[in-house]
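Here's the structure we're looking at; comments come further down.
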2 protein chains.
Amino acid sequence: MGEARTTPPRRRPSMDDVARVAGVSKGSVSKVIRNAYGLSPAMRARVEAAIAELGYRPSIAARAMRGSSFSIGMEIPNLDIDFFTQIMDGATSRLATSEYQLIIAPERGGANGTRVLESLADRSVDGIIAIAPQVEPEWLEELARDLPIVLIGRHDHSTNYDTLTDDDEAGATLLVDHLLDLGHTRIAHLTVGNQRDRPDAMPPHSLRRMAYETTLARRGLEPFVVETGNRRDEPYRTAKDLLLTDPSITAIFAGNDSLAIDTLRAIAELGMTADDVSVVGYDDIRIASHPLVSLTSVTQFGETMGEIAIDLLLERIRGGRTVAAHRQVRPELRARSSSRAVRAGGRAASRVIERSLADRA
Amino acid sequence: MGEARTTPPRRRPSMDDVARVAGVSKGSVSKVIRNAYGLSPAMRARVEAAIAELGYRPSIAARAMRGSSFSIGMEIPNLDIDFFTQIMDGATSRLATSEYQLIIAPERGGANGTRVLESLADRSVDGIIAIAPQVEPEWLEELARDLPIVLIGRHDHSTNYDTLTDDDEAGATLLVDHLLDLGHTRIAHLTVGNQRDRPDAMPPHSLRRMAYETTLARRGLEPFVVETGNRRDEPYRTAKDLLLTDPSITAIFAGNDSLAIDTLRAIAELGMTADDVSVVGYDDIRIASHPLVSLTSVTQFGETMGEIAIDLLLERIRGGRTVAAHRQVRPELRARSSSRAVRAGGRAASRVIERSLADRA
DNA sequence: TTGAAAGCGATACCAG
DNA sequence: CTGGTATCGCTTTCAA
């Protein structure tokens, strides 16, 4: 006795159901949910009542076929870099009050930015935010002919897509000047070596590197650039090697905070401190301001960037803007205790280093 | 002279176009892209040639209306907590080789987990990963009747959705025992106070707290629980107050690493170190192992959890599993230098504290 | 202002 | 194994 079967499979109510219950046409229901012009208050009331009664929610998939998908794609190089998730955070917080949602597509240090962006386009997203994707400007220009795109980081001179950057040269100059002011003369630059990046795409790290070289040259100092890869602990190893190889270096300008954090790890593990080697980074990620880390950096306001990117997209999607916008954020120095005045006697802790060198043999 | 107009608007090729070019029916094209049974090699070859020729890519929106949307929804409490983005990282890396993509829906410390999950369902996602959402078990049970769901964190006894947890009691016990072994007897517990959580939903922080109380009680020690909110610097303030209020406390068990990091900030800013107050956290976020932080924690393998969650989902989506799975990860202690043997004379740095107290007046 | 009907681009069933 | 056709749930003309 009793009902052994499970409840019958319920179907989500469709627009047809709403129309039937309200005794109106599908078209009118559509107008109501889109808040479109040309319908009487009475009609709106009836429809809204039916919607409430049925608990109707429109299918985004169906809407996407004709109109908007209410989703925005975000290409992101990597999810374990705090700066990137900060941008994501800003973007989602800006979307929180809208019907839009974010589809994330990590590039995974990987080959094909093209493929990633295409897969977003396949989902008929209403717009794309791309954080320094590995794609040709021409290709992006083409894609942007029928899809709003905001490129974050690269300083492309695009005509179809928007760009959002910070003034990387200014930022890097702030940092190098800061180190020079502290009396450093042997300043190394740790950066990512990426053969895939075309020089004319003006990726951030190239600009920072150029500014570094220029600023040093202006004071007649020799640049010392070290490139590293982006596999898990490659930056750490490179930093360690750098420190062991050249004891004359008293300061390291890391191309971003992630590299800087790894550099600080190397320094700490060699038994050194900021008194021995100063470190500055770029991005001002969240942990940088923690007293135990206290990393000098330059902020480009990651979360704000995420918000601006959304705003730029919505201007095109809702506002109908068609001319490309190129927004630039002014970076600000955040001087902290990872950078200190150069010490008279040079580096200490040479015992540690020698021990370390012995270990390697 | 010359063409002033822009190139004509190109339409994405549709399945009809492919069928036409290949000289076959739409249905056959569909079979090819779905890798379905029952078509000759010759047919496949023709179709694939046409696909390549046209650069055809199926529309996900259209596919979503009949079959699969190839997207997975991820409800996440907050994007600025490293542990959560670690899970996300694991999930996306598992999806990297598939056609699936992640749609993220942050709950934003917010009211309505229900609304967030519904908005994912509206997008006809093929499955949902929900990280400790603020929803009633019954409601989730209902939603899970026609949508694969993996709940991370909460230890619900569900019949329709899967759960993925770590053994929070075991983890917390590891930590408290660790502190006891170091000789601490005045151990406070800093946790989040969330009225919205129903006790029978067994959220992680409740279990950790219970284990903390039990373990102390077993040694005849008094528990000391402090609750804090999740607004920006609330945890930091609470930790500072705690330190200033009760100088007898020599160790703090923070309910997660985010709270622990904030506690370390408070400690550092009060001029104290791990010699004065030991701190342990939970989750083992990435920065915890950095030598400058060196936070003792318990790992529940965040990235792995993200991967497992995807696997569970795919088992249901592709494999057709229908019975609920309840997977539990065994947590492991990561003892580091933020926790140290209790000092004979109790806390030092009392001068600093007194100064701080004076400042507050 | 409202309703009817034609698509959007795929999937799935049913003949042949 | 292949082709034709109904269908998914919505948007968008076009008449009335």
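Since the model is a prediction, treat every value here as computed from it, not as a measurement. So you know, we letter chains A, B, ... as the sequences are listed, proteins then strands, and number each from 1.
Each of B/Val24 and A/Gly67 was assigned the nucleotide of DNA chain D with the nearest heavy atom; the assignment lying further toward the 5' end belongs to B/Val24. Between B/Ser40 and A/Ser68, the residue anchored nearer the 5' end of DNA chain D, judged by the nucleotide with its closest heavy atom, is B/Ser40.
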Q. Does the side chain to side chain contact (heavy atoms under 4.5 Å, CB included) test come out yes or no for B/Ser98 and B/Arg318, once each step is laid out?
A. CA-CA 12 Å; B/Ser98 75; B/Arg318 296 173 173 165; 4.0 Å; yes
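B/Ser28 comes within contact range of the sugar-phosphate backbone alone, with a heavy-atom separation under 4.0 Å but no base atom that close. Here A/Arg34 lies in heavy-atom contact (under 4.0 Å) with a base.
Applying the side chain to side chain donor-acceptor pair (under 3.5 Å) criterion to A/Arg44, with sequence neighbours excluded, gives A/Asn35. The side chain to side chain contact (heavy atoms under 4.5 Å, CB included) check on B/Asp17 picks up B/Arg11, B/Pro13, B/Ser14, B/Arg20, B/Leu54, with sequence neighbours excluded. Listed by chain and residue number, B/Ala61, B/Ala62 satisfy the side chain to side chain contact (heavy atoms under 4.5 Å, CB included) test with B/Ser59 (two or more places apart in sequence, or in another chain). With sequence neighbours left out, A/Arg12 forms a salt bridge (Lys or Arg N to Asp or Glu O under 4.0 Å) with B/Asp122. Partners of B/Arg327 under the salt bridge (Lys or Arg N to Asp or Glu O under 4.0 Å) rule, at least two apart in sequence or in another chain, do not exist in this structure. In this structure A/Asp80 satisfies the side chain to side chain contact (heavy atoms under 4.5 Å, CB included) test together with A/Asn78, A/Arg232, B/Asp89, B/Arg286, sequence neighbours excluded. For A/Arg123, the side chain to side chain contact (heavy atoms under 4.5 Å, CB included) partners are A/Ile103, A/Val125, B/Ile60, B/Phe70, B/Ser71, B/Gln101, not counting sequence neighbours.
If you walk DNA chain C from 5' to 3' and mark each nucleotide with an atom closer than 4.0 Å to a heavy atom of chain B, the marks span C/dG9 to C/dA12.
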Distances under 3.5 Å between nitrogen or oxygen atoms of protein and nucleotides 14-16 of chain D:
none

Could you write out each protein N or O paired with an N or O of nucleotides 6-9 of chain D at a distance under 3.5 Å?
residue	atom	partner	partner atom	Å
D/dT7	O2	B/Arg66	NH1	3.0
D/dC8	O4'	B/Arg66	NH1	2.9

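For the residue pair A/Asn112 and A/Thr114, a side-chain donor N or O sits within less than 3.5 Å of a side-chain acceptor on the partner.
Evaluation of the side chain to side chain donor-acceptor pair (under 3.5 Å) test over residues 308-317 of chain A, restricted to residues two or more places apart or in two chains, returns A/Arg94-A/Asp311, A/Asp162-A/Arg316, A/Glu315-A/Arg321. The list of ring pair (Phe, Tyr, Trp, His ring centres under 6.0 Å) pairs with a residue in residues 36-58 of chain B, not counting sequence neighbours, is empty.
Put simply, CG on A/Asn35 is 12 Å from P on D/dT11, counting in whole angstrom units.
OP1 or OP2 of D/dT11 sits under 4.0 Å from a side-chain N or O of A/Ser30.
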